2 protein chains.
Amino acid sequence: MEQRHAAVLKAAGMKATPKRLAILELLEAESGYASPEELWKTLKGRFDRLGLPTVYRNLEELSESGVLTKVIHPNRQLYYYFCSNPEHHHHFVCLSCRKVEDIPSCGIDALEREVSIRNGGKVLSHILQLNGLCGGCAKKGEMA
Amino acid sequence: MEQRHAAVLKAAGMKATPKRLAILELLEAESGYASPEELWKTLKGRFDRLGLPTVYRNLEELSESGVLTKVIHPNRQLYYYFCSNPEHHHHFVCLSCRKVEDIPSCGIDALEREVSIRNGGKVLSHILQLNGLCGGCAKKGEMA
DNA sequence: CTCTAAATAGAAATGATTTCGTTTTAAAAT
DNA sequence: ATTTTAAAACGAAATCATTTCTATTTAGAG
Ligand SMILES: [Mn+2]
Ligand SMILES: [Mn+2]
Ligand SMILES: [Zn+2]
Ligand SMILES: [Zn+2]
C-alpha cells in the first residue's frame, strides 16, 4: 500500500517523502474529508517534527496534481479528500459527518458544449458538488 | 429602478437603506462580479461615511436572502453578482473579465434524486459553476 | 412625531493561510 | 556506498481578507 502511494507520487513528479505518504495513508483511511490542521494534529505525533505549513503545502500540491480533491465548504476553510476513482466524477459531501460519496455522471459535458457554442467561451474548469446529509446523518437529524 | 430594489429588499424582510440600494444599483450596472472592497472603494465617495464591514455585512445578507449570488473563486476571496433571473439556474463565470452568463438548465434534479434513492441521503444545496473564458476573452487569449 | 429594532461606524481582533530564510533530505549520479 | 543537488521541510513571523464589538445612527412602524 505504501508502494502504491509512492508510485502515485512518482507519477505526479513528486518525491515520495515519509510525510507525504503519511498524509495519503491517513486520508485514504478516512471515510471523509479533513482539514490541514486536523491532519497535522494527528500526524505530528508520528514525526519528530512536522510543521503545519508543510501539511498545507503538501495538500495543495497533491490537490494540484490531482491526487487529492479539494472540498468546497460553506465555512470557506480548506478540506481535502482522497478519492481513488480515476474517472471524471463529482461528489456528494455530508456537511455533518464529512463522508464523501461519488456522483458517477454529470451532465456537464453537455453544458460545456452549450457554453462554447452559444457564446464562444471556453470552459476551463467546473465545480459540481452536492451538499447535504448522508443516509446515516439524515436519519439522526443531527448537524455535528 | 430604485423602487424595484426597494421592493426586493422589502420582500426579503430587509430595510431599504440608501447603502443597500447603492450596492444593488452598482452591482446591477456591472456586467460581472465584484469584491466587497471594490464595491466599497467605488461607493464610499458617494456617502459621508461608509464602512467596509457594512459592505461585507450587506453583501452576505443579500446573498443569504437570494438577492445576490456568491461566486466561488479559485483565489478564495468573496465575490458577488447581481442576477435578476428568478428561475433556478447556474452560472458560467469568466476568470479574466468577470463576466457572468446564465446556464439555463442543469441536470441536478436528477442527481439529487439519485443520491436520495441510492443512499438515503438528503441534498441540502448544490454548487454548479463553470469557470473559463468568455467569448471575448477567449479570443484575446488574455488572463487579466 | 415617537419609538425601537435594525443598521452602521470604525477601530480592533481574528485566525486561517502564506511567506521567508535556513536546514534537511530523497533520490539521482558517480 | 558516497557525493551531489534540487526539492522538501522547518517554524517563526507576516499577511490580510474577513469578522467582531460597542457606541451611534436611522428606517419605518404605529
Ligand atoms: Mn470520488
Ligand atoms: Mn444568473
Ligand atoms: Zn453524514
Ligand atoms: Zn471574459
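For clarity, every value in this text was computed on a predicted model and none was experimentally measured. Just the heavy atoms: all of them, side chains too, but no hydrogens, waters or symmetry mates, feed the values below.
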(request) Return the nearest nucleotide to the side chain of A:Thr54; candidates are D:dA9, D:dT18, D:dA29. (result) D:dA9

(request) Report the distance from atom CG of B:Leu52 to atom P of D:dC16, rounded to the nearest whole Å. (result) 15 Å

(request) Specify the residue among B:Thr17 and B:Ser35 whose closest nucleotide of DNA chain D lies further upstream toward the 5′ end. (result) B:Ser35

(message) Rounded to whole Å, please give me the gap between CD in A:Glu60 and P in D:dA7.
(response) 18 Å

(message) For B:Arg20, is there an ion pair with B:Glu61 - N to carboxylate O distance below 4.0 angstrom?
(response) yes

(request) Ignoring the backbone of B:Pro53, work out which of C:dG10, C:dT17, D:dA17 is nearest its side chain. (result) C:dG10

(request) For C:dA28, take OP1 and OP2 only and decide whether either is under 4.0 Å from a side-chain N or O of A:Lys15. (result) no

(request) Look at all strands and tell whether A:Arg20 reaches a base, only sugar-phosphate, or nothing, counting heavy atoms closer than 4.0 Å. (result) sugar-phosphate

(message) If you count heavy atoms of other groups shown closer than 6.0 angstrom to NZ of B:Lys122, is the number above 12?
(response) no

(request) Over 60° means perpendicular and under 30° means parallel, so classify the ring planes of B:His73 and B:Tyr79, tilted if in between. (result) tilted

(request) Could you check how far NZ of B:Lys70 sits from P of D:dT18, rounded to whole Å? (result) 10 Å

(request) May I ask you to say whether A:Glu25 pairs ionically with A:Arg46, meaning some side-chain N is under 4.0 Å from a carboxylate O? (result) no

(request) Report the distance from atom CZ of A:Arg57 to atom C1' of C:dC20, rounded to the nearest whole Å. (result) 11 Å

(request) Could you tell me the separation between the CZ atom of A:Phe47 and the P atom of D:dC10, rounded to a whole number of Å? (result) 9 Å

(message) I need the CE-C1' distance between B:Met14 and C:dA5, as an integer number of Å.
(response) 15 Å

(message) Both B:Arg76 and A:Leu50 contact DNA chain D. Which one's nearest nucleotide lies toward the 5' end?
(response) A:Leu50

(request) Can you tell me the distance, in whole Å, between the CG atom of B:Leu21 and the C1' atom of C:dA7? (result) 13 Å

(message) I need the OH-P distance between A:Tyr56 and D:dA14, as an integer number of Å.
(response) 18 Å

(request) Just compare D:dC10, C:dT17, D:dG28 and give me whichever is closest to any side-chain atom of B:Ala16. (result) D:dG28

(request) Take atom NZ of B:Lys44 as the centre, draw a 6.0 Å sphere, and report whether it contains more than 12 heavy atoms from other residues, nucleotides or ligands. (result) yes

(message) If you compare every side-chain N and O of B:Asn58 against the phosphate oxygens of C:dT8 (OP1, OP2), does one of them come in below 4.0 Å?
(response) yes

(message) If you assign B:Gly13 and B:Asp48 each to the DNA chain C nucleotide with the nearest heavy atom, which residue ends up on the more 5' nucleotide?
(response) B:Gly13

